[in-house]
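In what follows, every chain begins at residue 1, and chains take the letters A, B, ... in the order their sequences are listed.
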There are 2 protein chains.
Amino acid sequence: MQPAPIPDIIICRLPLYLRALSQMAAEGIQVASSQELGARVCLSPAQIRKDLSHFGEFGKQGTGYNVAFLEEQLRRILKVDRVWDVALVGAGDLGRAIARHGGLVARGFRITAVYDNDPAKIGDQIDELVIQDAHRMVEDIRSRGIRIAVLAVPAGEAQPAASMLVEAGIQAILCYAPTAVIVPGGVQVQYIDPLVHLQRMTHSLR
Amino acid sequence: MQPAPIPDIIICRLPLYLRALSQMAAEGIQVASSQELGARVCLSPAQIRKDLSHFGEFGKQGTGYNVAFLEEQLRRILKVDRVWDVALVGAGDLGRAIARHGGLVARGFRITAVYDNDPAKIGDQIDELVIQDAHRMVEDIRSRGIRIAVLAVPAGEAQPAASMLVEAGIQAILCYAPTAVIVPGGVQVQYIDPLVHLQRMTHSLR
DNA sequence: TAGATTGTTAATCGATTAACAATC
DNA sequence: TAGATTGTTAATCGATTAACAATC
């Protein structure tokens, strides 16, 4: 008997729960019902309870959930009860904004390497980080054991860069390029394309 | 009899189809089957055909879809067969990266105003755009008739900024702040939080 | 004890897939 | 004509919701 595998659609909601719980904790809220948590993430109380029940019994009847405890459990489940090293590929405007993102560490990530293939940028710094030559990327990432990468390169360079990352042993890629990249099974890719979100909204404008 | 309303989950996929079709067109591909298009967006051919069938009959039996024609139809359905003016709130690293995004116009959007509340930034330029005082934002957006905004401010400023945008007549907000904002019905909000994507992936790392 | 809220089951709902007649 | 692929229907699948016993 395997433990039932958790549907991906449920995993996708956990970071939202975690984010809401962190906010509640910051507001000094110590206990929250599924009703209250649901209101924050725009989901039904039943959905919240059902989702959480896949991982254990975290609540108390008549009371709700202890915010700090549930936050801790979600961090553990999502494996962000530690800080992951992240390699950043691409030191353009977007790469720079990502590297300087202030809230990474608190949520489990730290950019520890930045690569670019523009000779004019190599050697420059983004805060403490020195931009490295992309030619050394595979060797460097491999030797440092980094497993997560953010891809902030132009669309045309996304596939070759992703292939290099796979070669380097990267297992999870967050891709900002507006194009699907092909990677072997076992390597996860998530995409962020703001234009997709904008286009989702225009459809129902007037 | 109303025309059947289109489920949101279908609208959400159309921008992905459009993106894939634009790429195909750029590669010189003139005709694509639902099989080929599905391969590009990682969906089944049946799904593609079902989705498109909500809007009309765009294909030809035995042949597939004319890429340029379907691209044109999707642009029309998503209302990006024009260019929308967009207001950008927040001129930090992220705001700057968004303002300088090269691919906006080709996909239906153009940043025409940037606001910040930091006196040190007001008056500075991002390429051709002059950073405006956020205090003038409501009046300015309203007088220019802008209906779409991108919110790139710190989490703590997201709600007040969103409320100002609503007051200014904004109907669609793309929010980069890692927090839910409350807006009246009829105003759409989409969120982008890279940490949510990273946390979705860590769960299944080893 | 009375009130509230969980965890879970069964029912509902909606989305995806498979299959195929129509037809290019 | 033969081969291919659409648009659509019916079947399947899975996710969400409603309801409630358990219990804090």
Side-chain angles (χ1 to χ4, degrees), chain A residues 1-18 20-21 24 29-74 76-77 200 203, chain B residues 1-17 20-21 24 29-74 77 200 203:
Chain A
M1 280 289 290
Q2 301 269 359
I6 311 290
D8 193 54
I9 198 167
I10 290 176
I11 302 296
C12 283
R13 284 191 290 261
L14 300 185
L16 302 177
Y17 300 165
L18 176 54
L21 287 162
M24 286 174 152
I29 299 171
Q30 295 182 351
V31 174
S33 64
S34 58
Q35 173 83 53
E36 292 160 332
L37 184 53
R40 295 249 177 173
V41 294
C42 297
L43 292 172
S44 72
Q47 177 110 78
I48 306 277
R49 295 201 301 275
K50 188 111 217 283
D51 284 354
L52 295 177
S53 74
H54 285 88
F55 304 95
E57 305 191 359
F58 304 124
K60 198 182 284 189
Q61 283 102 326
T63 309
Y65 300 89
N66 178 297
V67 169
F69 174 73
L70 184 54
E71 192 184 353
E72 185 188 320
Q73 293 304 310
L74 285 177
R76 178 182 55 75
I77 292 163
R200 281 176 189 172
H203 172 262
Chain B
M1 278 292 289
Q2 300 270 0
I6 311 292
D8 192 55
I9 197 167
I10 290 176
I11 301 296
C12 283
R13 283 191 291 261
L14 301 186
L16 303 176
Y17 300 165
L21 287 163
M24 287 174 153
I29 298 171
Q30 295 183 349
V31 173
S33 65
S34 58
Q35 173 83 53
E36 290 160 332
L37 184 52
R40 295 251 176 171
V41 293
C42 297
L43 292 172
S44 71
Q47 176 108 78
I48 306 276
R49 295 200 302 275
K50 188 110 214 285
D51 283 354
L52 295 178
S53 73
H54 285 88
F55 304 95
E57 305 193 357
F58 304 123
K60 200 183 281 190
Q61 282 103 323
T63 309
Y65 301 89
N66 179 297
V67 169
F69 174 73
L70 184 54
E71 192 185 354
E72 184 189 319
Q73 294 304 309
L74 286 176
I77 293 164
R200 281 177 189 171
H203 173 263

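- With a cutoff of under 4.0 Å to any heavy atom of chain B, the contacted region of DNA chain C is bounded 5' to 3' by C:dA15 to C:dC24.
- Mapping A:L43 and B:Y65 onto DNA chain D via the closest heavy atom, the residue that lands nearer the 5' end is B:Y65.
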Run the side-chain donor-acceptor check on residues 4-13 of chain A: report pairs under 3.5 Å with partners two or more places apart or on a different chain.
residue, atom, partner, partner atom, Å
A:R13, NE, A:D51, OD2, 2.6
A:R13, NH2, A:D51, OD1, 3.0
A:R13, NH2, A:D51, OD2, 3.2

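- At a threshold of 4.5 Å between non-hydrogen side-chain atoms, the residues B:R49 and B:Y65 count as touching.
- Under the Watson-Crick and G-U wobble criteria, each requiring two contacts below 3.5 Å, nucleotide C:dC24 is paired to D:dG3.
- To the nearest 0.5 Å, atom NE2 of residue B:H54 and atom CG of residue B:L14 are 10.0 Å apart.
- Pair assignment for C:dT9: D:dA18, on the basis of Watson-Crick or G-U wobble contacts that are both within less than 3.5 Å.
- Take the nearest nucleotide of DNA chain D for B:K50 and for B:P45: the residue whose nucleotide is more 5' is B:P45.
- A distance of 6.5 Å separates CD1 in B:I48 from CG in B:L52, rounded to the nearest 0.5 Å.
- A heavy-atom distance below 4.5 Å is not found between the side chains of B:N66 and B:Q30.
- The shortest side-chain heavy-atom distance between A:Y17 and A:L43 falls under the 4.5 Å cut-off.
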